[in-house]
Structure formats: C-alpha cells, structure tokens
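Naming convention: chains lettered A, B, ... in sequence-line order (proteins, then strands); numbering from 1 in each chain. Only heavy atoms go into these numbers, but all of them, side chains included; no hydrogens, no water, no symmetry mates.
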Protein chains: 2
Amino acid sequence: MTTRLDELPGRRCSIAGALDVVGDRWALLIVREVSLGAHRFSEILRGTGAPRERLTARLNALVDAGVLERRGYSSNPPRADYHLTKAGRDLLPVLQALMQWGDRHVADTPPVELHHHGHRIAASWVCDVCGEPVGRGTERRVPDGSEPGHGPVPR
Amino acid sequence: MTTRLDELPGRRCSIAGALDVVGDRWALLIVREVSLGAHRFSEILRGTGAPRERLTARLNALVDAGVLERRGYSSNPPRADYHLTKAGRDLLPVLQALMQWGDRHVADTPPVELHHHGHRIAASWVCDVCGEPVGRGTERRVPDGSEPGHGPVPR
DNA sequence: ACGACTCGGTTCGATATGCGAACCTGGTGG
DNA sequence: CCACCAGGTTCGCATATCGAACCGAGTCGT
C-alpha cells in the first residue's frame with residue numbers, strides 16, 4: 001500500500017478500505033488495462049502511461065492485495081504476466097461506474113464500448129431485493145448513533 | 001486538479017477522465033461525507049481525516065469540477081457549506097460499487113447500511129437493455145483496432 | 001467589554017511520493 | 001559478437017502532502 005490510510009483518523013468504512021487498495025492514481029488504470037487484455041508489463045506500461053518504477057510498485061501492491069495474480073509463463077528468461085483474480089474481476093463494476101460517470105460528466109471518449117449479445121451495455125445499479133434503481137435518493141442511511149451532524153442521505 | 005493526467009501518455013478514456021477528477025486520495029471520501037450529510041468544512045474535516053490544507057484544495061477542485069456546490073449560508077461571518085450537484089450525486093453508484101467491493105474483499109465495516117423500503121440494499125450492476133448482470137465476463141470489447149495485444153475482455 | 005471559543009482557512013518547514021532517464025540482468029536472433 | 005527485447009531496479013531531482021501553528025472575523029458568557 002502506498003499509504004497507511006488505516007492509521008489515519010476519519011471515519012473508517014468499506015469505501016475507505018477499498019480506496020486503501022485501489023484509491024491510488026494508477027491502480028484502477030492498471031485494472032482497466034489488464035481487463036482489456038494487457039497482461040504483460042510492457043503492455044500495461046504503454047496502456048497506463050505510468051512510470052516504470054511506479055508500475056512495478058503498484059503491480060506488486062495489487063498482487064499482495066489479491067487483486068492481480070502473477071503468473072510465470074517462462075521460467076528463464078524469467079517472465080511473468082498479470083491476470084485479474086476474482087477480487088480483481090469484482091472491481092469491474094467500479095470501473096464501469098467510473099466510466100459511466102466520466103462519459104456523462106467529463107468530455108472524453110470511452111476506450112472501447114462494452115457490448116454483450118450484440119448491444120452496447122447501458123448499465124445501472126439495481127437493488128437485488130426489490131429491483132429498484134439505486135442512487136436516486138430513495139436510500140436511507142440506517143442511523144448508527146455516532147457522528148453528530150449526519151442525517152439521512154440527502155436529496 | 002492535482003495532476004495533469006490529460007497531458008500524460010497512456011490510453012485516454014472516460015475512466016481516466018473520471019479519475020482525473022475523483023481519482024485523488026480524498027475526493028471520494030469527501031463525496032461520501034457530503035452524501036452522508038456532512039456539509040460544513042469542519043464536519044468533512046472530521047469525517048475524512050484529511051489535513052485542512054488538503055481539504056480546502058480538494059473542496060475547491062471539486063467545486064470547480066462541478067461535483068460540489070458551495071453555498072453561503074451566512075454572509076458575515078462568511079460561512080459556506082458544500083452540497084452535491086447532479087454530477088456529485090451521479091458519483092454515488094461509484095461509491096456504492098467501492099463499498100460493495102470493500103465489504104467483500106477488505107476486512108472493514110461499512111459506515112452505515114443503506115436501506116430503502118425497509119430492507120438493506122444489496123445492489124448489482126445490471127444492463128438496462130437485457131437485464132443481465134454486468135461484470136460476469138459476458139461482455140465483449142468492441143474492437144477499436146488500436147493498441148496491439150488487446151483482445152476481448154478475459155474470463 | 002474582555003477573554004475564550006468557533007469556523008474556515010492559510011502559512012510553514014519537514015518528509016514522503018512521484019517522476020524521467022539511465023542502468024542492469026538474462027536471454028534471443030542475426 | 002553485437003544489437004535488441006522484456007522486466008525491472010537505481011538515481012537524483014521536483015513536487016505533493018503532511019501536521020502543527022497561526023489568523024481574522026464573529027459570537028458567546030460573564
């Protein structure tokens with residue numbers, strides 16, 4: 001990990017925990033690249049534009065965190081490539097969410113369009129229980145009694 | 001913005017664009033705090049644990065980026081508070097995705113449970129067109145002809 | 001009307017992090 | 001034998017980030 005967020009003050013939660021692992025500047029770009037099929041160091045290097053030393057550090061950190069798996073595909077010349085683990089694949093919704101937000105709110109082009117069954121994916125976040133879309137303000141925070149000044153989720 | 005990601009090499013896309021705005025260490029924690037009802041500087045300060053100077057910088061950047069809106073609620077003593085804009089609210093799915101990932105893959109407790117209609121939200125990412133869950137490997141990247149070594153989405 | 005306190009910052013010097021460029025190791029192809 | 005590639009590591013510099021201290025405007029208690 002680049003930083004000891006867990007030793008910092010501030011509200012701890014799974015969001016902070018997740019950001020501890022992938023909140024760094026390159027981590028999610030690396031995951032993007034790997035998910036797009038760039039498995040070798042040099043491919044990821046090109047795709048992200050990260051400096052080499054940063055990249056090795058982040059790759060190692062992501063392997064340690066269980067997001068990537070390092071597979072040797074040649075023992076000598078010692079060569080390895082990187083693949084998403086289950087945890088890494090579980091990050092794809094995060095990427096998707098970011099991509100959707102970027103599409104909507106920053107002027108930039110998506111790297112690729114994700115399709116399945118012949119149509120472009122237009123995804124939304126839906127509650128498994130009732131099928132209702134999430135993030136539209138129908139949520140309520142269940143009071144946990146701590147931290148003054150926090151009410152229910154606004155808007 | 002803290003960094004000029006757009007002047008960097010590497011594949012440009014909406015993910016990179018989004019990370020440009022909220023890829024910083026504090027940005028999403030700030031959005032989390034504001035979405036939980038912390039609107040004043042000192043509340044956000046406590047909730048995130050960010051250093052004061054970082055916090056002012058990030059708040060200004062997020063206001064500039066259109067994620068937060070700064071509202072003066074008292075002209076003298078000049079006091080302001082921060083609220084999510086539409087763009088800011090559109091970030092909630094990103095937070096939700098991160099939270100779900102953190103819940104599953106890092107040992108930490110969620111800050112609050114999000115409920116609606118009396119049950120805990122268990123959300124998944126679903127394609128609007130066909131209703132099929134996204135992120136399970138059924139996606140295909142539509143070839144864009146660039147960047148060697150990139151095939152379809154693996155797994 | 002005086003001192004203590006709050007809010008929202010800014011300033012400061014020390015440290016951590018990130019950076020590009022050069023170098024290294026181990027192997028291949030000509 | 002030489003050039004070249006992949007995958008790093010090392011180096012020195014430049015910037016970002018840090019905590020702590022300070023500040024100015026306003027308010028509250030006495």
Open item on the list: Applying side-chain contact (heavy atoms from CB on, under 4.5 Å), can you list everything that pairs with A/Thr56, at least two apart in sequence or on another chain?
Closed with: A/Phe41
Open item on the list: Check the phosphate of D/dC18 against B/Arg25, side-chain N and O only, distance under 4.0 Å to OP1 or OP2. Yes or no?
Closed with: yes
Task: With sequence neighbours excluded, residues passing salt bridge (charged side-chain N to carboxylate O under 4.0 Å, His left out) with A/Arg104 - done: B/Asp90
Open item on the list: Does a side-chain N or O of A/Trp26 approach OP1 or OP2 of C/dC19 to a distance below 4.0 Å, or not?
Closed with: yes
Distances under 3.5 Å between protein N/O atoms and the N/O atoms of nucleotides 6-9 of chain C, please, pair by pair.
from  : atom 1 : to      : atom 2 : distance (Å)
C/dC7 : O4'    : B/Arg79 : NH1    : 3.2
C/dC7 : O2     : B/Arg79 : NH2    : 2.8
C/dG8 : OP1    : B/Ala80 : O      : 3.4
C/dG8 : OP2    : B/Ser42 : N      : 3.3
C/dG8 : OP2    : B/Ser42 : OG     : 3.4
C/dG8 : N7     : B/Arg52 : NH2    : 2.8
C/dG9 : OP1    : B/Arg70 : NH2    : 2.3
C/dG9 : OP2    : B/Tyr82 : OH     : 3.0
C/dG9 : N7     : B/Arg52 : NE     : 2.8
C/dG9 : N7     : B/Arg52 : NH2    : 2.7
C/dG9 : O6     : B/Arg52 : NE     : 3.0

Task: side-chain contact (heavy atoms from CB on, under 4.5 Å) partners for A/Ala27, two or more places apart - done: A/Val22, A/Asp24, A/Arg58, A/Leu62
TODO: Figure out the CG/C1' separation between A/Leu55 and D/dG7, and round it to whole Å.
DONE: 10 Å
- [ ] Dump the intermediate steps for side-chain contact (heavy atoms from CB on, under 4.5 Å) on B/Tyr82 and B/Ile30, then the final yes or no.
- [x] CA-CA 10 Å; B/Tyr82 298 88; B/Ile30 292 172; over 6 Å; no
Open item on the list: If the condition is salt bridge (charged side-chain N to carboxylate O under 4.0 Å, His left out), which residues does A/Arg71 pass it with, not counting sequence neighbours?
Closed with: A/Glu69
Task: Atom-pair distance (CD1 on A/Ile44; P on D/dA6), nearest Å - done: 13 Å
Open item on the list: Tell me whether B/His39 contacts the main-chain N or O of B/His83 through its side chain, where contact means a donor paired with an acceptor under 3.5 Å.
Closed with: no
Task: Length of the line joining B/Asp24:CG and C/dG18:P, which is rounded to integer Å - done: 12 Å
